[in-house]
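So that the names make sense, note that chain A is the first sequence line, chain B the second, and so on, each numbered from 1. All of these numbers come straight from a predicted model, not from anything done at the bench. Just the heavy atoms: all of them, side chains too, but no hydrogens, waters or symmetry mates, feed the values below.
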There are 2 protein chains.
Amino acid sequence: MNSLFNFFKGYNSLSKEAEKAIAEISKIVAVKKNTDLQPIGHTCKTIYFINKGVARIYYFKDGTDITECFAFENNIIARVESLFTGKPSRKAIQILEDSEVVAINSTQLFKLYDKYPEIERLFRLIFESAYVDTVNRIESIQFHSAEERYNSLIKEEPNVLKRVPLKYVASYLGITQVSLSRIRGIK
Amino acid sequence: MNSLFNFFKGYNSLSKEAEKAIAEISKIVAVKKNTDLQPIGHTCKTIYFINKGVARIYYFKDGTDITECFAFENNIIARVESLFTGKPSRKAIQILEDSEVVAINSTQLFKLYDKYPEIERLFRLIFESAYVDTVNRIESIQFHSAEERYNSLIKEEPNVLKRVPLKYVASYLGITQVSLSRIRGIK
DNA sequence: GGAAGTATTTAACATATGATAAATAATTAC
DNA sequence: GTAATTATTTATCATATGTTAAATACTTCC
């Protein structure tokens, strides 16, 4: 859990007591490549932290597999559109390499918010930051060409291409795999 | 301020004391059409609530004016990528009709979070909800055609077209004004 | 280590949206 | 109320990305 608590420190330092409370509702899980951590249709009740490995959120749009986002080591991944609404998610979380993740029970976490305002603040800050990333991503999708988006991805996350099949990268960039292949061919 | 406190009730009911604390750091402002509430380059230190009127967030991308979002009556508008990072915003908030807004000083608001966890929770819930909207908007931009996006906009926000110049709607939809005009012409 | 299954690339053609320019329509200001 | 400005539409042409299909390349598994 150490890397999880280190990750937290970047947002809000917790008291030992609060850390203990979070540890009690979390567990470390080893997950095999290509397994779904949480399936489509399931109401999200877990926030995951990636200790080792890669995960993605995906869903089906008209029968084709769409990747919403990736998460690598030392990052959190959750289907917020379900987590924050209590509605079943149309999305799934899939593990892309043999991985080790920390699973935090969100139902119990939200209960801790009453007793530990510092925990509520921590997750407020984490999700505010994720919200900002999402706002910035809209701009990237809407006003950059596929090629520009590909170039900034390899610049900002060069590991993605090494660790994730290109077909998943393509839908993350909002294009078909064929288009991605063409863009890569140009260089 | 009544409509503001009613808006809050949809997220987290506040004690009278907390309401009073928020009232003390807020003021009602009348704003004329086409004025910038906050200019580009300014670090966002105000959260606005629209009592009456319409506002938009916009920025310039390669010299062209891009609308990021609109806000109508009984909604909040803020440049979160500045509010939550403390960095100057590349975006501005503009009023599109003679309007009345409530301006909440965010520096003072964030200070209230320590004394009133209920206020911190309120804004956590407000922004979690806005975050979910943003995640859903990505899907809409990425995997629906311009025509589909236009149709769902007139379905979900029919007022937009009546109250907002089409050129602003076009960039909000991620297309040029000419394309929007063509799409409207088809029907 | 070869067969079967997956992933990636390449090619040819189709189409939605962009860019530019010009025509109308609506608004604003004196 | 007319002129000036601004917003919207229409038309033409250019281009990025989509679609389909087939060819390679790479993995996985018995």
Rounded to whole Å, how long is the line connecting atom [atom1] of [X] with atom [atom2] of [N]?
X: A:Y150; N: D:dA16; atom1: OH; atom2: C1'; answer: 17 Å
X: A:L173; N: D:dG18; atom1: CG; atom2: P; answer: 11 Å
X: B:L161; N: D:dA7; atom1: CG; atom2: P; answer: 16 Å
X: A:I66; N: D:dG18; atom1: CD1; atom2: C1'; answer: 13 Å
X: A:I141; N: D:dT17; atom1: CD1; atom2: C1'; answer: 16 Å
X: A:N34; N: C:dG5; atom1: CG; atom2: C1'; answer: 13 Å

*asked:* Salt bridge or not between A:E147 and A:R184? Use side-chain N to carboxylate O under 4.0 Å.
replied: no
[X] and [Y] aromatic centres sub-6.0 Å:
X: A:F70; Y: A:Y172; answer: yes
X: B:F8; Y: B:F49; answer: no
X: A:F84; Y: A:F127; answer: yes

*Do A:S15 and A:E118 meet the criterion of a side-chain donor-acceptor pair at a distance under 3.5 Å?*
yes
*When the ring planes of A:F143 and B:Y59 are compared, do they come out parallel, tilted or perpendicular, using 30° and 60° as the limits?*
perpendicular
_Heavy atoms of other groups near A:K61 NZ, more than 12 under 6.0 Å_ = yes
*asked:* Within the 4.0 Å limit for protein heavy atoms, which parts of nucleotides 22-30 of chain D are touched? Write it as a string from 5' to 3', B for base, S for sugar-phosphate only, - for none.
replied: ------S--
_Treating primed atoms plus P, OP1 and OP2 as sugar-phosphate and everything else as base, which nucleotides of nucleotides 7-23 of chain C get B, S or - for protein heavy atoms under 4.0 Å?_
SBBBBB----BBBBB--
*With clusters built from Ile, Leu, Val, Met, Phe, Trp and Tyr whose side-chain heavy atoms come within less than 4.5 Å, directly or transitively, what are the remaining members of the cluster of A:I57, listed by chain and number?*
A:V29, A:V31, A:L37, A:Y48, A:I50, A:I77, A:I93, A:I95, A:V101
